[in-house]
Every structure is written in C-alpha cells, then in structure tokens.
S.K.: 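Sharing a structure below in structure tokens format, with a few things to ask.
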Amino acid sequence: MIDLARTITEILKNVLPEGTVALHEPKFSGNEWTYVKECLDTGWVSSVGKFVDRFEAQLAEYTGAKHAIATVNGTAALHVCLRLAGVERDDEVLIPTLTFVATANAVSYCGAVPHFVDSSEITLGVDPDKLKAYLEDTVEIRDGTCFNRATGRRIRALVVMHTFGHPADLDPLLEICRRFGITLVEDAAESLGSFYKGRHTGTLGKLSALSFNGNKIVTTGGGGAILTNDAELARLAKHLTTTAKIPHRWSFTHDKIGYNYRLPNINAALGCAQLEALPGFVERKRGLAEKYKAAFAGLGGIRFFAEPSFARSNYWLNALILEPGNERFRDGLLDATNEAGIMTRPAWTLMHRLEMYEACPKMSDLGIAESIERRLINIPSSASLVDSFSPFTGHTG
Ligand SMILES: *Cc1c(COP(=O)(O)O)cnc(C)c1O
C-alpha cells in the first residue's frame, strides 16, 4: 500500500517540474494586461463597454454556437439556462450525482428538485443506457410531457455535465430526451475546448452553461456564459441576465423579475485575452495528458483517465483511477502526493449524499458514480506545466 502511493508520487515527480505544483493555475501571458489596462484607462470597468460584446462574439466563433451571452459566473448561467428550458417550481431535473454542487444548486434556485442519475465509467458523464432503462421503469408520458410516476412531478430537463472536460456521450442522450419529451441542457463549465464527434460541447443541448472561474481552462476572474443556437432564447437570456430592462434612452421599466447576472466589462477584457490563448492552452493540456498517459502506462493497479474514443477533450483536470479493489489506497495516495508538494484531490462528494439533497429522488443504483468517487484522484493540470510545443499533440478530430 505504502509502495503504490510512493511509486505514483515518484512518477508524478518525474513528469512535473520541481517544487510545489498546484492542481490548476491560470496563465496570463498574452493581451490580458493591455485589455484590462484599457478598461481602467477609459473608465469602462462595469456593466457597459465593448469587451462584453467582443467576448461573446469570440465565444460564439470558437464554439460554433450561434449565440453566447456572458454572465457573472457559471452557476448563474446554469440557473438561467434552466429557467429558459422551462423549469418551474416543483418540476424535477435529472442530473448526474457525480458533479460539482453548482449543477444541483441551479436546479434548486428554480424551486425545482434535482433527480440524481448514475454515470458511465467510460465518460464519467451520464450513462445513456442506464438512464434509458431507468426512465422506461420510472416515468410516464402524458400529452408529450414526462412525469415521474412515484412523485407525480413533471421531469422537465436533463443536465449533462462534461466531467473534467471529457464529453458525455451526447447522441444517445439527445435521443432519450427526444423520446421522453425532456429538454437537454449542458453543464459545459469544465469543457470549453472539448469536442464531441467534431462539435463543440455546449452546442448540442438546447442551452448550455460555461464557467470562467479562476480554476477553469480560461478565466475572467469570475464569469460564465450561456450558449444557444436559438435566437429567441438568446434574446431572453440577455434580457433576464440584465434585470429584464426594456431598452430605452432614459426610462427604467422592467417586464419580468430579472437578475443582475451581467459580466462586468473588466472581466470580459480578461476573457478576450484568455480566449486568444485558448487553442494554445488546449494543446499544452493535451500534451501534459500524453505525458501522464505514457508515464502511467506500465503501472498496475491504477490508470490514467483518457478521453472517450468519440471525443477530443481539453483535459481540463487530469484524473487517475484506481482499479476496482484498490479503493483502500486512495487516501494514502492523497496524503503522499500532497505531502510531496503535488496538489491532488478526490472527486466531489456525490450530490445524493449531501445533507440538503439526501431526500431527493434518485436511481436506486448509483453504483458507478459511487465506485468512481472512491477510486478517483485529480492530479496537477495547469497549461503552464508543459512547453507550448509537444510532439504528442496531434489534431485527432
Ligand atoms: C465550475 C463549475 C460550475 C460553476 O461555475 P462558477 O463559475 O464557479 O459558478 C458549474 N458546474 C460545474 C461542473 C463546474 O465545474
């Protein structure tokens, strides 16, 4: 047991630079200073200014989404996505139990109830086969609307999360949503720069949320965005996130209870520079992943988590997974690596075990998520950990 932890720590030391290595650090080596200084010099730091429009246009161009709406953070983006997906008080929203708490919280902000489903060992995202079988057992369709037979509540949406940047298997999930009359929303907070069968994650669902928190692949300090291909939803998203004010030269009139969810211009300025650097970050992170993959290839008992075959992942946060039966080594491994100055951490505590979500509906078998939780650790993943050129990074589609 001591030996596996020691061996893994040694392997990590060989791949990583000397000294303390953070789990994920931002990198500012492009136009960040110039753009932020421009905001300060001109006084346009807050809710008005050109960088917000520019940031949204850059996001749409990079992802291929028709519309991008910047928001104050990813959680706010997700909240508005769910509102616009039609989620109302006392609806249920299917979400993976293996996710960051923001996914569940956004459902709660709508007055709705999260309904937890299991994940796949291949993608770390919602398992389509298991979800389909579960829905066949659990729901009934009345007038094209999906109802949970046990609770009587309407199931309005499915939120798919692309865990650590690895795309979930979206095609079968979309098919399930069509068949059961459920709206697909993507929590793409971790997957900017990740592609599913050549299409950017966050462009297949009706609405998607991105995050630009300090630990994400690009950061605006704090920030988020909503992606959609639907012009009317995009208009509503902008309206709702900007206090639902009716545009007018001097009149302050609002036609809905909106939110102050806008991204300040100074944060968008940072984001514009970060998006310019994004393709380089993805290459570096894929290079680091290749290094890890090669370094752990020969080792038994644990494996490096690699992108699903249909994906080109941003490898936002790299992960090692202990083979089943080796769960007991996890905590020793976390201790040994952190003691050696290599920051590592376990997966999130599963949502259905958090106090406030304990009583929510869920699959009776969440075995894969539970097993992944006991076996997974995240390892350092900053783009700055490898040189910009790496012979390993080929475009694979
Ligand atoms: C980061 C993250 C969010 C929330 O983003 P914030 O910008 O921190 O509000 C939502 N979901 C997932 C899966 C995340 O990783």
Side-chain angles (χ1 to χ4, degrees), residues 23-26 55 59 68-83 85 87 93-110 114 116-117 119-120 123-126 157-168 170 173 184-194 201-202 205 207-227 237 241 259-264 267-268 270-271 274-275 285 305 313-319 345-352 354 357 369 372-373 376 378 381-382:
L23 195 66
H24 200 287
E25 276 179 333
F55 185 53
L59 276 174
I69 298 90
T71 60
V72 70
N73 59 52
T75 312
L78 205 48
H79 178 198
V80 172
C81 284
L82 291 169
R83 288 282 317 263
V87 174
V93 177
L94 300 163
I95 71 168
T97 189
L98 179 66
T99 187
F100 177 57
V101 71
T103 321
N105 288 347
V107 174
S108 304
Y109 300 163
C110 299
F116 301 113
V117 302
S119 294
S120 139
T123 65
L124 305 179
V126 172
L158 164 68
V159 183
V160 167
M161 199 276 281
H162 305 298
T163 309
F164 309 135
H166 301 294
L170 288 164
L173 290 166
L184 184 76
V185 171
E186 291 176 74
D187 179 345
E190 305 183 352
S191 66
L192 181 64
S194 297
T201 52
L207 295 135
S208 322
L210 302 177
S211 167
F212 312 111
N213 192 35
N215 63 339
K216 297 292 175 6
I217 188 164
V218 301
T219 186
T220 57
I226 297 164
L227 300 181
T241 54
Y259 306 93
N260 180 12
Y261 280 176
R262 24 163 109 74
L263 183 70
N267 299 83
L270 201 51
Q274 288 271 285
L275 282 185
K285 287 163 85 68
F305 187 87
S313 173
N314 67 0
Y315 282 94
W316 167 60
L317 206 51
N318 290 297
R345 63 159 216 217
W348 310 280
T349 298
L350 299 176
M351 293 304 106
H352 70 278
L354 298 179
Y357 293 127
I372 291 169
E373 184 200 27
L376 183 142
N378 288 119
S381 303
S382 307

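No hydrogens, no waters, no symmetry mates; every other heavy atom, side chains included, goes into these values. Whatever order the structure lists them in is the order used to number ligands and atoms, beginning at 1.
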S.K.: Only heavy atoms of Ala189, strictly under 4.0 Å: list the atoms of ligand 1 that pass.
M.R.: 2 (C), 3 (C), 10 (C), 11 (N), 12 (C), 14 (C)
S.K.: Which atoms form the tightest heavy-atom contact between Asn314 and Glu190, and what is the distance?
M.R.: ND2-O, 3.0 Å
S.K.: Please tell me whether Tyr109 and Tyr259 form a close aromatic pair, meaning their ring centres lie under 6.0 Å apart.
M.R.: no
S.K.: Report yes if some N/O of Gly74 lies less than 3.5 Å from some N/O of ligand 1; otherwise report no.
M.R.: yes
S.K.: Do the ring centers of Phe305 and Trp316 come within less than 6.0 Å of each other?
M.R.: no
S.K.: Would one find an N or O of Thr75, backbone or side chain, under 3.5 Å from an N or O of ligand 1?
M.R.: yes
S.K.: Under 4.0 Å from a heavy atom of Gly223: give me the atoms of ligand 1 that qualify, with their elements.
M.R.: 7 (O)
S.K.: Which atoms of ligand 1 are found less than 4.0 Å from any heavy atom of Asn73?
M.R.: 7 (O), 9 (O)
S.K.: Would you mind reporting whether Asn318 and Phe164 have side-chain heavy atoms less than 4.5 Å apart?
M.R.: no
S.K.: Can you pull out the closest protein heavy atom to atom 15 (O) of ligand 1? Residue, atom name and distance to 0.1 Å, please.
M.R.: Glu190 OE2, 2.5 Å
S.K.: Working note: Cys110 + His79, criterion side chain to side chain contact (heavy atoms under 4.5 Å, CB included); need CA distance, chi angles, decisive distance, verdict.
M.R.: CA-CA 7 Å; Cys110 299; His79 178 198; 3.7 Å; yes
S.K.: Which heavy atom of the protein is the closest neighbour of atom 5 (O) of ligand 1, given with residue, atom name and distance?
M.R.: Ser211 OG, 3.2 Å
S.K.: Got a second to check how far Leu350's CG is from Glu373's CD, nearest 0.5 Å?
M.R.: 3.5 Å
S.K.: Quick one: does Ala106 get within less than 4.0 Å of ligand 1, heavy atoms only?
M.R.: no
S.K.: How close does the nearest protein non-hydrogen atom get to atom 2 (C) of ligand 1, and which residue and atom is it?
M.R.: Lys216 NZ, 2.8 Å
S.K.: Quick one: OG1 on Thr103 to CE on Met161, what's the gap to the nearest 0.5 Å?
M.R.: 5.5 Å
S.K.: What residue and atom, counting heavy atoms only, is the protein's closest point to atom 11 (N) of ligand 1, and at what distance?
M.R.: Asp187 OD2, 2.8 Å
